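So the structure is just underneath, and the comments pick up after that.
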Amino acid sequence: MSKNYLFLLAITLLINLNDASLLRRAKNRTMSAKPYKVLISHPEVPQSAIELLKESCELVQVTSLPPNRAEVLEKIRGVDGLFWGGHSPLNAEVLDAAGPKLKSISTMSAGIDYVDLAEVKRRKIPLGHTPTVLDPAVADIAVGLLIAAGRRFHEGRKKIDSNNWENYHLNWLLGQDVRDSVVGFFGFGGIGQAIAKRLSGFDIDHVLYTTRRRINKELEQELNAKKVEFDELLAKSDFIVIAAPLTEQTRGVFNTTAFNKMKQTAVLVNIARGAIINQNDLYNALKTNRIFSAGLDVMDPEPLPANDKLLTLDNIVVLPHIGSATNRTRSDMATIAAHNVLRGLAGERMLSPAY
């Protein structure tokens with residue numbers, strides 16, 4: 001065996017022993033006191049998380065689908081831990097209903113804009129979430145949207161459905177090339193970087209990104225990336241991918257002013273949060289061909305009403321927020337969230353703390 005293999009094997013054993021020790025400590029506590037009680041706020045949480053939590057906790061599970069708020073508030077009373085599935089508001093109402101015993105919370109999501117973070121912090125309750133593990137799946141969706149919007153997949157399918165093929169034209173359904181393009185990222189964390197790595201295989205020219213902090217120079221060189229101001233990103237990018245969190249600073253930043261600074265051939269992709277885009281302004285920009293097309297996996301509101309005017313356009317591809325929707329990703333997210341809850345109950349640092 002190589003030294004590297006033995007080293008990796010040793011690290012794996014240490015991690016497993018640490019988790020086993022954590023579970024033993026939790027079990028010992030439940031033997032000497034009342035068992036920990038944990039609420040599972042959604043009936044479809046993957047079984048991998050349920051089995052992990054069952055080893056040391058009494059589980060109370062919401063059974064309504066979609067989860068009924070009244071049922072959540074009823075069943076949460078007196079719990080020690082909270083496994084929050086879905087994106088319904090996690091706020092003072094929920095925390096008050098749980099009561100003073102609540103000492104560990106984890107969401108099963110990367111974004112936590114639906115959490116009243118200030119209220120959770122005020123009560124000094126550890127909060128976990130599940131970033132990074134969903135990066136590959138979301139990155140795959142982003143690349144798919146970028147190509148689908150740039151190459152007019154939706155419009156082409158509508159031509160088939162209406163029996164309106166016009167392939168006698170030499171310039172029928174011409175789209176935008178990814179090859180040799182400049183791809184701009186509004187937000188360039190783990191997901192943005194995973195997208196950029198995938199796009200390098202499509203022979204793009206280079207990457208521009210706008211963030212508060214510059215990434216390290218080595219990674220910039222690897223991804224052929226350069227940090228620029230927002231206006232430069234808008235003006236020079238052939239494709240723009242929104243991969244930033246929703247904050248008061250990012251809310252509605254893609255509006256008429258921004259669209260007027262973009263190339264007329266530009267393609268906009270959003271896999272972050274819908275409210276980062278002013279959707280009325282986006283509709284106008286697409287309707288007037290101010291920008292070429294858009295691909296969205298997120299929107300505001302969600303679900304998007306079936307009669308929303310965005311859905312009347314040919315030059316937009318819309319998906320129902322399925323970026324992390326793979327079996328492996330959802331199972332991994334649930335497992336990390338369960339470990340977060342267990343570690344919080346044991347007084348340990350969470351596997352993936354939100355703050």
Side-chain angles (χ1 to χ4, degrees), residues 11 14-26 29 36-42 45-46 48-50 52-53 55-57 59 76 79-92 94-95 98 100-138 187-194 211-213 215-216 243-247 250 272-273 323-324 329-355:
I11 292 296
L14 284 172
I15 292 171
N16 290 337
L17 286 170
N18 181 58
D19 284 343
S21 175
L22 176 65
L23 289 172
R24 281 197 300 272
R25 288 199 297 275
R29 292 188 185 196
Y36 292 126
K37 184 185 289 187
V38 174
L39 176 75
I40 311 293
S41 77
H42 199 287
V45 167
S48 56
I50 302 296
L52 183 59
L53 289 167
E55 293 189 40
S56 54
C57 304
L59 301 186
I76 201 174
V79 300
D80 303 284
L82 176 57
F83 186 114
W84 196 255
H87 294 83
S88 59
L90 204 176
N91 52 20
V94 173
L95 302 176
K101 289 183 65 180
L102 182 62
K103 58 182 177 182
S104 182
I105 303 171
S106 184
T107 69
M108 201 184 101
S109 65
I112 53 173
D113 50 282
Y114 56 90
V115 179
D116 188 337
L117 195 57
E119 187 65 23
V120 176
K121 285 183 176 180
R122 186 181 72 79
R123 300 180 191 224
K124 299 180 180 179
I125 303 173
L127 174 69
H129 64 151
T130 61
T132 67
V133 68
L134 50 71
D135 291 1
V138 177
F188 202 49
I191 292 176
Q193 291 166 26
T211 58
R212 286 185 299 174
R213 299 183 185 87
I215 65 173
N216 68 67
L246 177 63
T247 66
T250 63
R273 285 292 184 265
S324 64
T329 301
R330 288 291 166 83
S331 180
D332 289 347
M333 291 168 70
T335 300
I336 290 172
H339 276 292
N340 284 338
V341 172
L342 286 173
R343 291 183 180 227
L345 292 173
E348 304 279 346
R349 178 174 171 80
M350 288 186 169
L351 192 65
S352 183
Y355 60 82

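Computation of the quantities below employed the complete heavy-atom set of this structure, encompassing side-chain atoms and omitting hydrogens, waters and symmetry-equivalent molecules. This is a predicted model, so every value here is computed, not measured.
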Return the minimal non-hydrogen interatomic distance between [X] and [Y], and the atom names on each side.
X	Y	value
Ser104	Val341	OG-O, 2.9 Å
Ser331	Ser48	OG-OG, 3.2 Å
Ile112	His129	CG2-CB, 3.9 Å
Tyr355	Leu127	CE2-CB, 3.6 Å
Arg343	Arg349	CD-O, 3.4 Å
Ser352	Asn340	N-OD1, 2.8 Å

Supply the atom-to-atom distance [X] [atom1] to [Y] [atom2], rounded to the nearest 0.5 angstrom.
X	Y	atom1	atom2	result
Lys121	Glu119	NZ	CD	12.5 Å
Glu348	His339	CD	NE2	13.0 Å
Asp332	Leu134	CG	CG	10.0 Å
Leu95	Leu82	CG	CG	8.0 Å
Leu39	Cys57	CG	SG	12.0 Å
Met350	Leu342	CE	CG	9.5 Å

State, yes or no, whether a side-chain contact exists between [X] and [Y] at a heavy-atom distance under 4.5 Å.
X	Y	value
Trp84	Val94	yes
Asp113	Thr247	no
Leu53	Ile40	yes

When you measure from the side chain of Thr130 to the backbone of Ala334, do you find a donor-acceptor pair of N or O atoms at a distance under 3.5 Å?
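Absent.
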Could you check whether Tyr114 and Ser109, counting side-chain N and O atoms only, form a donor-acceptor pair closer than 3.5 Å?
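Judged by distance alone, the side chains do pair up.
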Given Val38 and Leu345, is the side-chain contact (heavy atoms from CB on, under 4.5 Å) satisfied, shown in steps?
CA-CA 10 Å; Val38 174; Leu345 292 173; 4.0 Å; yes
Pair Lys101 + Asp80: basic N to acidic O under 4.0 Å
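The answer is yes: the pair qualifies as a salt bridge.
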Looking at residues at least two apart in the chain, or sitting in another chain, which of them share a ring pair (Phe, Tyr, Trp, His ring centres under 6.0 Å) with Phe83?
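For Phe83, no residue satisfies ring pair (Phe, Tyr, Trp, His ring centres under 6.0 Å) once neighbours in sequence are set aside.
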Taking it one step at a time, do Ser324 and Thr329 satisfy side chain to side chain donor-acceptor pair (under 3.5 Å)?
CA-CA 6 Å; Ser324 64; Thr329 301; over 6 Å; no
